[in-house]
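Let me begin by presenting the structure, written as structure tokens, before commenting on it.
All values reported here derive from a predicted model rather than from experimental measurement.
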Amino acid sequence: MNWTEFLPTGIQLSYLVAASLFIVGLKQLGSPATARQGNQLAAVGMLIAVVATLLEQQVLNYTMILVGIVVGSVIGAIAAYRVAMTAMPQMVGIFNGLGGAASALVAIAEFWRLLSFHLPLSTTALITIILGVLIGGVTLTGSFVAFGKLQGILPGAPLLFPLQQPLNALLLVAFLVGSVFFCIDPSNLPIFLGLIVASLILGVAVVIPIGGGDMPVVISLLNSYSGLAAAAAGFVVNNNMLIIAGALVGASGIILTNIMCKAMNRSIFNVLFAGFGSEGGSGAASTSVGTQQTVKSIDPEEGAMMLGYARSVVIIPGYGMAVAQAQHTVKELVDQLESMGVEVKYAIHPVAGRMPGHMNVLLAEANVPYPQLCDMDDINPQFEQTDVALIIGANDVVNPAARHDKSSPIYGMPILEVDKAKHAIVIKRGMGTGFSGVQNELFFQDKTLMLFGGAKDVVAKLTAEVKQL
């Protein structure tokens, strides 16, 4: 038995090894302590899968493939090196979109190949091509709309117009009707082009009514779509590895989306169709019921005294910390407090930031030890014994109205119960609301003290004052 006879079996065995590494890597990505190792295992698995695929006999031009690998690697390396951690959600959005585009292009190229060589177009092949175009097109344009909202190119508030959802439904029905006609007459090129255009428009139409505050859920959902698109592409080209990898990404994305929806006490239907999640406004210091109240503010010197003489401090990071890129400054403050004997932990809400795990990524970049990162269920029982809760740029995830105010948009959403701590210090630029659009009643409680200013600047001043104690 020569090597050419063993090659097909060897390729399938390589796919099995790669799939196993994907599964193990995905499991390890579930914990910050093992996430880096899991990512490396998955990368090795992908390398094995790519090499095995390149050994397939259907590969016709290795030169073009090599050029693509080199160009893509250079672009990816430069982008990954230059992108700020605060812009990571945007980068993930672009990755999702490009993944969808690749899957759609595979479906289009396979259709063109079969049509050009007058090869039979079976019903199964047509359905997989249609699914590849639909899911890939929606993922492409939907992801770029999400990128635009996160980057500030598009308004963060939901973009709504009359009869929006009925028109979206009509567009989907038109796609389905066109798909039926395409299956009846696969040689009808205008119908196929119409399906491509409809899928791209549908991606925009689905995401523009969703507010910027819901983008973490949308990114997770679009990540799932990119996996489903890859699986559809795998069926198109009859590649088992692509089907397995796509299915893993699709399933994990759906699971993560469900987890995040539960963390917000909302359904995926509500996220997609409720027009909820506009970026909060500024202003008036009003509660969710509209009454005017006053807040207590302090300066960095007073805040430093409270932190420096506390026995236990819990830090709650939010998007404000990410925008200010204050994670390294926060780590410096924590190091100083720990050198004075203060016990410090971080409380991480599942939907804090603009993508799943955003706070974990930022704090990991600042070399914060993993044991100090506590999830919501673990840290909430400890707040009653906490001397000071330091909130840095977080808003809705610490709003007590979620527990008792049935009129609030965030009622029922699990929150970090910082109002049970002995004291709370809130670092914030102003009295603006969170994505829910309601004022945070925590700001007006007697034991809450506001420390106004940019997170990085304020935390640096706190650190300087703590050093002088």
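One finds a salt bridge joining Arg403 and Asp419 here, because a Lys/Arg side-chain nitrogen approaches an Asp/Glu carboxylate oxygen to under 4.0 Å.
Side-chain atoms of Glu338 and Gln372 include a donor-acceptor pair closer than 3.5 Å.
Between Gln382 and Asp378, the closest heavy-atom pair is NE2-O, 3.1 Å. When all heavy atoms are compared, the tightest approach of Pro317 to Leu363 is CG-CD1, 4.2 Å. The shortest non-hydrogen separation linking Leu222 to Ala146 is CD1-CB, 4.3 Å. Taking all atoms of both residues into account, the shortest heavy-atom contact from Gly246 to Ala230 is CA-CB, 4.0 Å. Of all non-hydrogen atoms in Leu462 and Ile427, the two that sit nearest each other are CD1-CD1, 4.0 Å. The shortest heavy-atom contact between Asn440 and Pro400 is OD1-CD, 3.6 Å.
A distance of 10.5 Å separates CG of Leu134 from CG of Leu228, quoted to the nearest 0.5 Å. Going from atom CD of Glu302 over to atom NZ of Lys296 covers 12.0 Å, rounded to the nearest 0.5 Å. Between the CD atom of Gln165 and the CG atom of Leu170 there is a distance of 12.5 Å, given to the nearest 0.5 Å. Atoms CZ and CG, on Arg311 and Asp387 in that order, are 5.0 Å from each other to the nearest 0.5 Å. Note: Ser297 OG to Phe443 CZ = 13.5 Å, rounded to the nearest 0.5 Å. Note that CG of Asp405 is 9.0 Å distant from OH of Tyr411, once rounded to the nearest 0.5 Å.
Contact annotation: the side chain of Lys345 approaches that of Ile379 to within less than 4.5 Å [non-hydrogen atoms, C-beta and beyond]. Leu26 has its side chain within reach of Ser252: a pair of non-hydrogen atoms, C-beta onward, lies under 4.5 Å apart. For the pair Phe144 and Leu140, the minimum side-chain heavy-atom distance is below 4.5 Å. Proximity of Val314 to Ile316: side-chain heavy atoms (C-beta onward) are separated by under 4.5 Å at one or more points. Side-chain contact between His404 and Glu441 is present, with heavy atoms from C-beta onward closer than 4.5 Å.
With a 6.0 Å radius and a threshold of 12 heavy atoms from other residues, nucleotides or ligands, Met305 has its CE atom at or below the threshold. The number of heavy atoms from other shown groups lying within 6.0 Å of OH (Tyr370) is above 12.
Applying the side-chain hydrogen bond (donor to acceptor under 3.5 Å, both in side chains) test to pairs two or more places apart or on separate chains, those with a residue in residues 356-369 are Gln327-Glu365. The side-chain hydrogen bond (donor to acceptor under 3.5 Å, both in side chains) pairs that include a residue from residues 458-469 are Glu332-Lys467, Asp457-Lys461, where partners are two or more places apart or lie in different chains.
Scored by the salt bridge (Lys or Arg N to Asp or Glu O under 4.0 Å) test, Arg429 finds no partners at all (sequence neighbours excluded).
Without hydrogens or angle criteria, Ser312 side chain to Gln385 main chain gives a donor-acceptor distance under 3.5 Å. Side-chain atoms of Asn380 come within 3.5 Å of backbone atoms of Glu417 as a donor-acceptor pair (strictly under, hydrogens ignored).
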